[in-house]
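The basis for the numbers below is simple: all heavy atoms, side chains too, and nothing from hydrogens, waters or symmetry mates. Reminder, nothing fancy here: chain letters follow the sequence lines and each chain counts from 1.
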Amino acid sequence: MSLMTEITIFVLAAFVGFEVISKVPTTLHTPLMSQTNAIHGIVMLGGLIVVGYANDPLEYVIGTIAIAFGAINIVGGFMVTDRMLGMFSKKPKPKADADGKGGS
Amino acid sequence: MIEAVLKPGGDAATALYIVAFSLFILGVKRGTHPTTAKQGNLVAAFGMAVAVVTTLLLDGVGNWGLIALGLGIGTAVGVTASVRVKMTEMPQMVALYNGVGGGAVALIAWSEIRHGISLGETIPLDTLIPVLFAAVVGSVSFWGSNIAFAKLQDLIPTRPLAVPGQQAINVVLLIGILVACTDIAINNDDPSQAIFIAVLLAAGLLGNLVVLPIGGADMPVVISLLNAFTGLSAAAAGFALDNVALIVAGTLVGSSGTILTMEMATAMNRSVANVLFAGFGGAPAGGAGGSTEERPHVSIGAQDAAIKLAYADSVVIVPGYGLAVAQAQHAIKEVGDELEKRGVTVNYAIHPVAGRMPGHMNVLLAEADVPYEQLKEMEEINPEMPRTDVAVVVGANDVTNPAAKNDPNSPIAGMPIIEVDQAQQVIVIKRSLSPGFAGIDNDLFYESNTSMLFDDAKKAAADIAAEIQNL
């Protein structure tokens, strides 16, 4: 890919991001933040690629940590977002919550 | 052994990457509505799976043992952390995940430059410059996010920690980093790895120094900014590795993080520059909450509060960070339920930055099953305030301070507030009269129509609910 092609993609992606995301209601900002946070875990792909041509112990360590970090970012990010958004879905029957007898 | 089938940059791999980033865009788009958001997250996660599998099939990807080890450790940590985290601890979790993402970018950049050096050839600038950018921004993001995490988790003091000559040190560091990067770029036929490592360390130090002086209240803005940075650094890594999925996904995150950052700063009536370069430091009487002079105020107990609420027609509950810390969302919902049983109209007024991030309070209240329709945004509820019988402020402070409207010299002058002082009566549930994050006194506490209920938010709410039941 030529540099100019990559820059074209970069600029268009930036506009797409602004367009898609600027319509999110405030309510969903924390989940959205968490979801986009998970998406930048895609850097793990870079870890998978560079570990392929790692050829000394230090590079093995760097690459493995990079993959582990990326995986935490991806797995944790999507799961936490899912938990947050689960809170918004209608629950069949609102349970009467704990600490029923508050009293003194 | 898994057979590598896809050529890096080849048509098949690129096509699969296009599928992946399209799913990201669709996922984020679905994330814009409460009913489709959960599905949108799954769509994006599926896109990630496509991207990862595609990469694993690329020709040249190897060292499977290391890949398995990295994936195994990362997945185990990610799953454990996200299952265990409490809803109130979400912001620091996002900070932590953001940090490891930035760390991964910095490490990949390091690996990439070692690779370039070991080949012994001139590294083309269109690879080297993105690598340097990724290294610097990734490292800043990693260390900055860790500090943000530590502050929100109360591992280090949340108050602004100023180092003498702070700004000058930052500028020197930044210039040093730029000079070192230029040196590496000029000597791209044989760049010095030592200088590169120095750049990584200097950027890390810069990340620490930039975030340390920022107070806890501004942390969401910082995390959001660092989120955008990590996205951009991931895009830079994409430029270096010629990987279209990284470029598109990283850029998407860069733009979303930028919007969020600006919205958060606007909601607090602060510019991003203001957040980064000046704490609320100049405000008087920060300290440990011991106010110097006692001003007259009315203090009441749970029973009085229950009576005021039960015989009102309309009640507005204003939750703040104190509610989140005390895990009082379920207890306060119970108060709301008891009141509704008695025919009282109950609404919840959500300040844009209530909690620690925009939307954070909505998540907490949704967790407690508060109906979506009862959550009112600030612009919607303020005109209703004069017709409201009782406003109950639970663990909120600065966002209700009338000084923002009335006192042009106040540090928070002009900040949008929930105008509880317009309500007929106000009940403030709070541990003490101590100032909030902004470090300034809240005139609301001393108004004649304000009653203070000094207690932990959760206990107070539970007591009030019980008292209403007994009426």
query: Where on A:Ile74 is there a heavy atom nearer than 4.5 Å to chain B: the side chain, the backbone, both, or neither?
result: side chain
field: Heavy-atom side-chain proximity of B:Asn41 to A:Pro31 below 4.5 angstrom
entry: no
- prompt: Is it the side chain or the backbone of B:Ile350 that comes within 4.5 Å of chain A heavy atoms, both, or neither?
  reply: neither
message: Angle between ring planes, A:Phe10 versus B:Phe239, binned at 30° and 60°: parallel, tilted or perpendicular?
response: perpendicular
- request: Among the options A:Asp56, A:Leu45, A:Leu3, pick out the one with the most heavy-atom pairs lying under 4.5 Å from chain B.
  value: A:Leu45
Heavy atoms from other residues, nucleotides or ligands near CZ of B:Arg30 exceed 12 (cutoff 6.0 Å): no
- prompt: Between A:Ala38 and chain B, which part of the residue has a heavy atom less than 4.5 Å away: side chain, backbone, both or neither?
  reply: backbone
Chain B contact via A:Leu58 - which portion, at a heavy-atom distance below 4.5 Å: side chain
query: Which bit of B:Phe21 is near chain A, if near means a heavy-atom gap under 4.5 Å: side chain, backbone, both or neither?
result: neither
Enclosure of A:Tyr60 OH (heavy-atom neighbours >12, cutoff 6.0 Å): yes
message: Under 4.5 Å from any heavy atom of chain A, what part of B:Ala465 do you find: side chain, backbone, both or neither?
response: neither
statement: Of A:Gly77, A:Gly41, A:Gly63, the largest count of non-hydrogen pairs under 4.5 angstrom with chain B goes to A:Gly77
Lys/Arg-Asp/Glu bridge criterion (N-O < 4.0 Å) met for A:Asp82, B:Lys38: yes
